Amino acid sequence: MPKIEQSASRIPGALEGLHLFHFDGAPCAQRVRFALGEKGLARGREVKFDSVEPSAVKSEDGRWVSRIVSLIKKDHLTQTYAEIHPNMVIPALVHDGNLFLESMDIIAYLDDAFGGTPLISKDPTMRDATMKRVEQAKELHRSIRFVTFHWGLGRLAMLNSKERRQLAELARQGDDGERLVEFYDSYSTRAFPESVYLEHLRKLHASFRELDAELGDGRQFLMSDDVSIADAFWSMKILNVLQCGYPVQAHHPRLHSWYQRIYERPSFQNEVMGKNRLLNRAIRFKAQVKTLLGTGLKQAVEKLAA
Ligand SMILES: N[C@@H](CCC(=O)N[C@@H](CS)C(=O)NCC(=O)O)C(=O)O
């Protein structure tokens, strides 16, 4: 049973039913939304992330309340959110007043607590193999951040000096487990050398090649012919690098076909893409401009693979 977190905030304890603190464009939240969809739980009412109004505190049957914590407006770098999640990252899930953090733990909890598609096998060997793939995906989480920020979001994701001071202050009260202070200080002042981004890209490229080779035995999904938590983790990496211009089909064709199978699932269409299409298109457009200028992710991958 995943750990129930103690919260410094009074908000989680005031909520009944299911509530997700998330952002449409963030891979860590997308995988949880995918899992919610696979469990037959649909997005319900949208409320302000910190609302405890009587009309906001209760979810409808079979639905979860959507509490957007905008990474663009920097809602996650506020005192209110830092009290809910001390690392100041999304997602966070509340079920009947209990708070769960960490997307892997959240999905494991949902898998135990709800019906629908089983996402973690009961067979110990399959379960261990699946969780190893998930751990590998977790370790590459920082690489996704470096690659998508550098080749996709660009200036949009930079923090000004006031925002960085505020982040540092909040981090002193929490634990900054995701090392946001260090990351934003260098990212926002363009202090990371190009080689840092290329090294993260190299790690992603190597792991995509490994998965592409595994899919060579004809299995439908990453671990077997059944969808699993591993698909939830890896497909969001592909979604996010694709929108930044990574030529997935050309370099990892089996991985691309697998991704298409995931992409077509109703859970992906409704819960992952549903309200993400506009942002997805905007980032794609930005990436296309970079590619035209010869400085895109497409060129970086081609150079790396040459
Ligand atoms: N290990 C955490 C990672 C959470 C995480 O890093 N979330 C990202 C979005 S994918 C975030 O909120 N980032 C805030 C930022 O980059 O400023 C999990 O899987 O839940």
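Computed from a prediction, not measured in an experiment: that's the story for all the values here. Ligands are counted one by one from 1 in listed order, and the atoms in each one are counted from 1 as well.
In this structure, a donor-acceptor pair under 3.5 Å is absent between the side chains of Glu271 and Gln30. No hydrogens or angles considered: nothing links the side chains of Asp212 and Trp258 as a donor-acceptor pair under 3.5 Å. Side-chain atoms of Arg31 and Ser103 include a donor-acceptor pair closer than 3.5 Å. Side-chain atoms of Asn280 and Gln243 form a donor-acceptor pair, as typed in the model, at a separation below 3.5 Å.
Comment: Asp225 does not engage Arg219 in a salt bridge, judged by the lack of any side-chain N to carboxylate O separation of less than 4.0 angstrom. Salt bridge annotation for Lys3-Glu5: present, with a cationic side-chain nitrogen under 4.0 angstrom from a carboxylate oxygen. Arg67 and Asp50 are not joined by a salt bridge, as no carboxylate oxygen comes within less than 4.0 angstrom of a charged side-chain nitrogen. Using a cut-off of 4.0 Å between Lys/Arg side-chain N and Asp/Glu carboxylate O, Asp24 and Arg43 are scored as salt-bridged.
For atom 3 (C) of ligand 1, the closest non-hydrogen atom of the protein is Glu178 OE2, 3.3 Å. Ranking protein heavy atoms by distance to atom 12 (O) of ligand 1, first place goes to Ile90 N, 2.9 Å. Here the heavy atom of the protein found nearest to atom 20 (O) of ligand 1 is Ser103 N, 2.9 Å. At the shortest separation from atom 6 (O) of ligand 1 among protein heavy atoms lies His141 NE2, 2.8 Å. Taking atom 10 (S) of ligand 1 as the reference point, the nearest protein heavy-atom neighbour is Cys28 SG, 2.3 Å.
For Leu180, no nitrogen or oxygen atom sits less than 3.5 Å from a nitrogen or oxygen atom of ligand 1, counting backbone and side chain alike. Every N/O-N/O distance between Lys138 and ligand 1 stays at or above 3.5 Å.
At least one heavy atom of Arg31 sits closer than 4.0 Å to an atom of ligand 1. Judged by the shortest distance from any of its heavy atoms, Met104 lies outside the 4.0 Å radius around the atoms of ligand 1. In this structure, Tyr184 counts as a contact residue of ligand 1, since one of its heavy atoms falls inside 4.0 Å of the ligand.
Between atom 13 (N) of ligand 1 and the options Val32, Val89, Ile106, the minimum heavy-atom separation is to Val89.
Ring geometry for Tyr263 versus Phe268: interplanar angle of 30 to 60°, hence tilted.
Taking every non-hydrogen atom of Arg145 and a distance limit under 4.0 Å, the qualifying atoms of ligand 1 come out as 6 (O), 16 (O). Within the listing of ligand 1, atoms 9 (C), 10 (S) sit less than 4.0 angstrom from a heavy atom of Ala26. The atoms of ligand 1 that sit less than 4.0 Å from any heavy atom of Pro91 are 20 (O).
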Begin from the C-alpha positions of Arg164 and Glu169 and carry the test salt bridge (charged side-chain N to carboxylate O under 4.0 Å, His left out) through to its verdict. CA-CA 9 Å; Arg164 294 206 301 280; Glu169 178 52 38; over 6 Å; no
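Contacts with ligand 1 closer than 4.0 Å are made by heavy atoms of both the backbone and the side chain of Glu102.
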